[in-house]
Amino acid sequence: MSALALIETARALVADDKGLLAMDESTPTCNQRFATWGIPQTEEARRAYRELIITTPGLGESISGFILFDETIRQKKKDGTPFLKIISAAGIIPGIKVDLGAKNLAGHAGEKITEGLDGLRDRLKEYAGMGARFAKWRAVIAIGPGIPSRACVEANAQALARYAALCQEAGLVPIVEPEVLMDGDHALDRCLSLTEEVLHMVFDELYAQQVMLEGMILKPNMILPGLDCPEQETVNEVADATVKCLLHVVPAAVPGIAFLSGGQSGELASARLNAMNLRFRKQMPWQLAFSFARAIQEPALEIWRGQEAHVHLAQHALAYRARCNRAARRGTYPAEMEGE
Ligand code: 13P
């Protein structure tokens with residue numbers, strides 16, 4: 001795979017005001033979300049839900065790529081058509097989560113290290129052969145008393161960089177996701193300084209592993225106060241802090257930044273992305289996009305609840321939130337959505 005093909009894919013993922021839909025929840029996470037709405041936690045229910053998502057009419061107008069899970073990339077529609085065929089017919093680029101989850105970091109209570117490097121080269125080869133064009137790896141950094149440790153940040157940054165280098169070798173665009181969690185009562189400033197430090201370390205490691213920045217996408221958290229922090233900044237304050245942080249540490253060679261939603265409501269995630277694009281578009285060297293799971297899927301899952309009769313309405317809700325985020329990339333949310 002040529003460098004040019006990687007660059008083209010990375011650019012395509014953030015082109016035309018579109019963004020990514022993450023639907024790569026691992027089986028335990030998907031089951032946990034299903035349990036909330038009383039949906040059976042079976043392979044068939046997960047298949048039916050993913051079929052609902054990928055067959056949503058018009059999703060390709062707002063969504064450039066789907067991030068799939070290993071189970072999902074191998075699944076078929078009820079009529080036997082492979083999911084990958086439906087996805088490419090919709091003009092959407094298929095990608096795959098390749099990390100094997102965040103596990104306890106030995107000797108560091110409350111901290112995680114993402115696993116999955118062993119055997120990754122072979123797994124990437126298989127996914128690329130199936131038609132995946134990009135991959136995702138999520139590192140998790142928690143904020144709390146005395147954490148994160150330098151050991152945790154360094155180990156996760158190095159794993160992200162080794163993953164990214166292997167992806168590019170296999171012809172897959174790496175989505176590099178270091179997530180600083182919003183759990184806790186810390187102030188926004190703590191998230192700001194820590195995220196800056198984490199991203200700095202991640203880019204140091206990417207440089208050391210000779211990852212081509214033009215052929216990757218960064219998937220960071222927004223700069224937010226902890227969920228339990230009594231002071232919650234305004235949408236504009238969050239936008240200002242987030243763009244300030246990214247301008248400090250993300251090289252201009254990176255074609256796109258696509259945020260995770262991290263537990264924000266769909267409305268807030270869209271409003272904050274909108275404020276960033278509205279206020280700072282001219283100052284930003286990269287495209288500022290989205291790669292949301294919960295902030296796009298939640299209303300649809302709540303409507304669906306495992307009922308065949310609800311599929312149409314759930315798809316409507318899914319496409320609506322996707323359009324909201326396309327509008328947020330243009331800086332026209334929520335005005336563009338009026339009358340819908
Ligand atoms: P959320 O948008 O729900 O945070 O998920 C994004 C994601 O892909 C996490 O890895």
Side-chain angles (χ1 to χ4, degrees), residues 13-14 18-34 36-37 49-50 53 62-73 92-103 112-116 132 134-143 156 159-160 163-164 167 173-183 191 195 198 202 216-224 226-227 238 242 256-273 288-302 317-318 321-322 324-326 328-329:
L13 288 172
V14 290
K18 295 182 195 178
L20 301 165
L21 172 52
M23 48 181 289
D24 61 332
E25 298 83 3
S26 64
T27 299
T29 303
C30 189
N31 285 345
Q32 206 183 332
R33 297 203 178 140
F34 279 13
T36 311
W37 302 112
Y49 178 57
R50 267 70 184 249
I53 296 179
S62 325
I63 299 298
S64 56
F66 285 139
I67 312 177
L68 306 170
F69 182 58
D70 181 75
E71 177 181 84
T72 319
I73 198 170
I92 293 176
I93 303 173
I96 180 82
K97 182 234 289 294
V98 298
D99 67 66
L100 299 179
K103 308 288 162 62
K112 303 277 185 193
I113 176 70
T114 301
E115 295 189 350
F134 68 98
K136 185 193 100 172
W137 179 290
R138 172 174 177 253
V140 183
I141 311 288
I143 301 184
N156 275 294
L160 275 168
Y163 138 83
C167 282
V173 169
I175 308 278
V176 174
E177 181 180 12
E179 174 173 5
V180 174
L181 296 174
M182 57 193 287
D183 303 309
C191 177
T195 303
V198 168
V202 167
M216 64 161 273
I217 300 289
L218 178 71
K219 176 163 173 168
N221 49 283
M222 294 185 191
I223 304 300
L224 303 171
L227 277 174
V238 165
T242 304
I257 297 175
F259 291 107
L260 59 95
S261 59
Q264 304 173 67
S265 70
E267 289 79 8
L268 260 183
S270 299
R272 288 163 170 166
L273 178 62
L288 204 59
F290 56 92
S291 177
F292 298 154
R294 284 164 286 180
I296 294 180
Q297 290 185 44
E298 257 170 4
L301 187 60
E302 183 178 350
L318 189 77
R321 283 256 56 91
C324 287
N325 290 306
R326 186 190 53 182
R329 287 209 49 192

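This chain uses plain numbering: 1 for the first residue, then up along the sequence. Counting convention: from 1, in listed order, for ligands and their atoms alike.
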Residue pairs, two or more places apart or on separate chains, that pass side-chain hydrogen bond (donor to acceptor under 3.5 Å, both in side chains) and touch residues 258-269: Gln264-Arg272
Side chains of Thr195 and Asn221, donor plus acceptor under 3.5 Å: yes
Protein residue, atom and distance nearest to atom 4 (O) of ligand 1, heavy-atom basis: Gly262 N, 2.6 Å
Validation row: Leu20, Ile175 side chains within 4.5 angstrom (heavy atoms): yes
Asn156 side chain reached by Ile113 side chain, heavy atoms, under 4.5 Å: yes
Proximity to ligand 1 by part of Ser291, non-hydrogen separation under 4.0 Å: backbone
Close side-chain approach of Glu298 to Phe292, heavy-atom, < 4.5 Å: no
Side-chain ion pair, Glu25 and Arg50, N-O less than 4.0 Å: yes
Top protein contact for atom 5 (O) of ligand 1, by heavy-atom distance: Ala293 CB, 3.2 Å
Contact check, side chains of Thr72 and Asp24, non-hydrogen atoms, under 4.5 Å: no
Heavy-atom nearest neighbour of atom 8 (O) of ligand 1 within options Met182, Lys219, Glu25: Lys219
Closest protein heavy atom to atom 10 (O) of ligand 1, given as residue, atom name and distance to 0.1 Å: Lys136 NZ, 2.4 Å
Exercise: do Ser270 and Arg321 side chains pair donor with acceptor under 3.5 Å: yes
Contact atoms of ligand 1, heavy-atom distance to Phe292 under 4.0 Å: 2 (O)
Proximity flag Gln297 to ligand 1, non-hydrogen atoms under 4.0 Å: no
Ligand 1 versus Arg294: contacting region, heavy-atom distance under 4.0 Å: both
Proximity to ligand 1 by part of Ser261, non-hydrogen separation under 4.0 Å: both
Numbering as shown, the atoms of ligand 1 that approach Ala22 to under 4.0 Å (heavy-atom distance): 8 (O)
Residue part near ligand 1, for Glu177, under 4.0 Å between non-hydrogen atoms: side chain
